[in-house]
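Below is one structure, written out as structure tokens; the observations come after it.
Each chain gets a letter, A, B and so on, in the order its sequence line appears, and its residues count up from 1.
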Protein chains: 2
Amino acid sequence: MEGKIPKPTIKRLAVYYRCLENLIKSGKETVSSQELGTYLNIKASQVRKDLSYFGEFGKRGIGYQTRRLLDGIAEILGIKRTWNVCIVGAGNLGIALANYPGLSKGGYHVKVIFDNNPAKIGMKLQNGLIVEDLKNFEKVTKEKEIHIGVITVPAESAQQVADIMLSSGIKGIINFAPVKLSIPKKIPVEEIDISLTFRALSFQISTQKNQ
Amino acid sequence: MEGKIPKPTIKRLAVYYRCLENLIKSGKETVSSQELGTYLNIKASQVRKDLSYFGEFGKRGIGYQTRRLLDGIAEILGIKRTWNVCIVGAGNLGIALANYPGLSKGGYHVKVIFDNNPAKIGMKLQNGLIVEDLKNFEKVTKEKEIHIGVITVPAESAQQVADIMLSSGIKGIINFAPVKLSIPKKIPVEEIDISLTFRALSFQISTQKNQ
DNA sequence: TCGTGTGAAGAACTTCACAGCT
DNA sequence: AGCTGTGAAGTTCTTCACACGA
């Protein structure tokens, strides 16, 4: 049943997708919500609820056909299409992402990487990409039809980069800089805040001990 | 009032901390929940609720003393102490993290990086670290008193690495590999799943259009 | 009057429990 | 009998609304 889809559901769908790829590879043809849940450490009822937002994928008494479910999720998540990605910030992290095989495997193609540091502009990466001048952002991203912008610059310059992305018509942003960007709500943003994650972890470690 | 603290509250505390650092740097001595919320795009009531879990930091009619609040949060999050970190997986991402200034700034010191690839073992990073053989994991991490293990290997070997970490007495794990690890509940784990985040973003972009 | 601290209401997400298809 | 799909109950987190102190 269509309705409002919880955001966590979307992330789990992508997880189910991965798991199904493996199950199919190992020759499994059907799978129950119970099994899927056990593999992924998710409650069976959660699996069923997640899938039920998008229609009836399963057969009662039997479970889900792995192939059919995989295709269904691919459809929902738009996995079949590809996305053109640009990275701003040719530091260690930006370069690592540009070379990250997980992205291109998932259909996210890093087409260009920018920096404003003259020492970096023109530099050639492992994968053959050449660092472009941030000044040419709008021109280059329009030429290459970039959909997604990734921010890997220091906190101080992140908002500035975000503004350039917005005015150049980027459709969505992934922000690795440790700041809250102000971005109009109609442009989706996902934050990956590495030091925040370390904080959350070490807090858990500290409080663990007292129990 | 002490009670059960929502996990999102912890992450927000770290965000407040960062913001307070900046406010103090710019000479601000007090701040209201309203102001803090506006800077960070968080509701004022959320800010007050978050802080109230840990006691009464503010003064009615005035707001929060920035310095006092900063110290209070540092206390809660254990920001004053440092943490020793190891990374397993000397690929692009692992190396980028080892050199990531945000971590050491936050008190997370990458003391050692491991790999099992002979071509990589012995390699010297920008920051002087030398890639160690994964075989020596337990010995080296005990010597260096490592608290936190970071997994940056491919999905296939992530569980194996996690098992080594567990049996060597690591206190907490940050997992960048795109798999759900099975880990006893008493060991905290944080996941940073980059391709999942891209999926969530592109899903939002796709559905945006239909509205 | 201004702004906190907090019980109560609300929203979002998860889990239960069971009717109903295969 | 086995397993899905789903309303309803439960849980967790957020927002409201207001008493109260500075």
Side-chain angles (χ1 to χ4, degrees), chain A residues 1-16 20 23 28-70 72-73 76 180 185 196 200 203-204, chain B residues 1-16 20 23 28-66 68-70 72-73 76 180 185 196 200 203-204 207:
Chain A
M1 290 286 149
E2 293 272 345
K4 219 194 156 271
I5 288 111
K7 207 166 155 185
T9 291
I10 299 305
K11 292 211 171 185
R12 281 192 301 265
L13 283 184
V15 172
Y16 302 153
L20 286 164
L23 290 176
K28 207 150 170 19
E29 297 201 342
T30 69
V31 67
S32 69
S33 59
Q34 186 57 252
E35 288 175 284
L36 210 45
T38 305
Y39 292 131
L40 299 171
N41 208 17
I42 293 174
K43 290 245 163 27
S45 55
Q46 180 74 80
V47 174
R48 294 200 301 279
K49 178 68 86 180
D50 284 341
L51 298 176
S52 76
Y53 288 117
F54 302 95
E56 310 205 353
F57 284 107
K59 289 218 191 322
R60 293 164 194 228
I62 294 171
Y64 302 89
Q65 260 187 278
T66 50
R67 187 78 232 175
R68 196 166 107 64
L69 185 53
L70 185 88
I73 295 178
I76 294 163
K180 183 79 196 173
K185 280 199 213 70
L196 227 53
F203 179 79
Q204 287 175 75
Chain B
M1 290 287 147
E2 292 272 344
K4 218 192 156 273
I5 288 112
K7 206 167 157 184
T9 292
I10 299 305
K11 292 212 170 183
R12 281 192 301 265
L13 284 184
V15 172
Y16 302 152
L20 286 164
L23 290 177
K28 207 149 169 21
E29 298 201 342
T30 70
V31 66
S32 69
S33 59
Q34 185 58 249
E35 287 175 285
L36 210 44
T38 305
Y39 292 131
L40 300 171
N41 209 17
I42 293 174
K43 291 244 162 29
S45 55
Q46 180 73 81
V47 174
R48 295 201 301 277
K49 178 68 84 180
D50 284 341
L51 297 176
S52 76
Y53 288 117
F54 301 94
E56 311 204 351
F57 284 107
K59 289 219 191 320
R60 294 166 194 226
I62 293 171
Y64 303 90
Q65 259 186 280
T66 49
R68 195 166 109 64
L69 185 53
L70 186 88
I73 294 177
I76 295 164
K180 182 80 196 174
K185 281 198 212 72
L196 228 54
F203 179 79
Q204 286 175 76
T207 54

Once you round it to whole Å, what is the distance between [atom2] of [N] and [atom1] of [X]?
X        : N       : atom1 : atom2 : answer
Gln34(B) : dT4(C)  : CD    : P     : 9 Å
Ile62(B) : dT4(C)  : CD1   : P     : 10 Å
Glu56(B) : dG3(C)  : CD    : P     : 18 Å
Leu69(A) : dT4(D)  : CG    : C1'   : 13 Å
Ile5(A)  : dT14(C) : CD1   : P     : 13 Å
Phe54(A) : dT4(D)  : CZ    : C1'   : 17 Å
Arg68(A) : dT4(D)  : CZ    : P     : 13 Å
Lys7(A)  : dT14(C) : NZ    : C1'   : 18 Å

Under the 3.5 Å rule, do the base of dC2(C) and the side chain of Arg60(B) count as making a donor-acceptor pair?
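A donor-acceptor contact between them is absent.
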Close side-chain approach of [X] and [Y], heavy atoms under 4.5 Å:
X        : Y        : answer
Ile42(A) : Tyr16(A) : yes
Tyr39(B) : Gln34(B) : no
Leu36(A) : Leu23(A) : yes
Leu40(A) : Val47(A) : no
Thr9(B)  : Tyr53(B) : yes

Just wondering, more than 12 heavy atoms not from Lys11(A) lying within 6.0 Å of its NZ?
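Yes, the 6.0 Å shell around NZ holds more than 12 heavy atoms from other groups.
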For the CZ atom of Arg12(A) and the NZ atom of Lys49(A), what is their distance to the nearest 0.5 Å?
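Between Arg12(A) CZ and Lys49(A) NZ, I get 11.5 Å after rounding to 0.5 Å.
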Distance in Å, Leu69(B) CG paired with Leu20(B) CG, rounded so as to fall on 0.5 Å steps
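CG of Leu20(B) is found 5.0 Å from CG of Leu69(B).
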Of the nucleotides dC13(C), dC13(D), dG5(C), which has the atom closest to the Pro8(B) side chain?
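The listed nucleotide nearest to Pro8(B)'s side chain is dC13(D).
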Between dT14(C), dA22(D), dC3(D), spot the one nearest the side chain of Ser32(A), thanks.
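Within the option list, the nearest is dC3(D).
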Do Thr66(A) side-chain atoms and Lys28(A) backbone N/O form a donor-acceptor pair below 3.5 Å?
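Looks like yes, one N/O pair under 3.5 Å.
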Are the side chain of Glu35(A) and the backbone N or O of Ser32(A) linked by a donor-acceptor pair below 3.5 Å?
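Checking the backbone N and O of Ser32(A) against the side chain of Glu35(A), a donor-acceptor pair under 3.5 Å is found.
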Please work out which residues in residues 40-49 of chain A have a non-hydrogen atom less than 4.0 Å from an atom of DNA chain C and list them by number.
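Contacting residues: Lys43(A), Ser45(A), Gln46(A), Arg48(A), Lys49(A).
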Are [X] and [N] close enough that a side-chain N or O sits under 4.0 Å from OP1 or OP2?
X        : N       : result
Ser33(A) : dC3(D)  : no
Tyr64(B) : dG5(C)  : yes
Arg12(A) : dT14(C) : yes

Between Asp50(A) and Lys59(A), who's closer to the 5' end of DNA chain C by nearest nucleotide?
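It is Asp50(A), whose closest nucleotide lies nearer the 5' terminus.
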Angle, rounded to 10°, between the helical axes spanning five pairs at each terminus of the helix from dT1(C)-dA22(D) to dT22(C)-dA1(D)?
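That helix gives 0° between its end axes.
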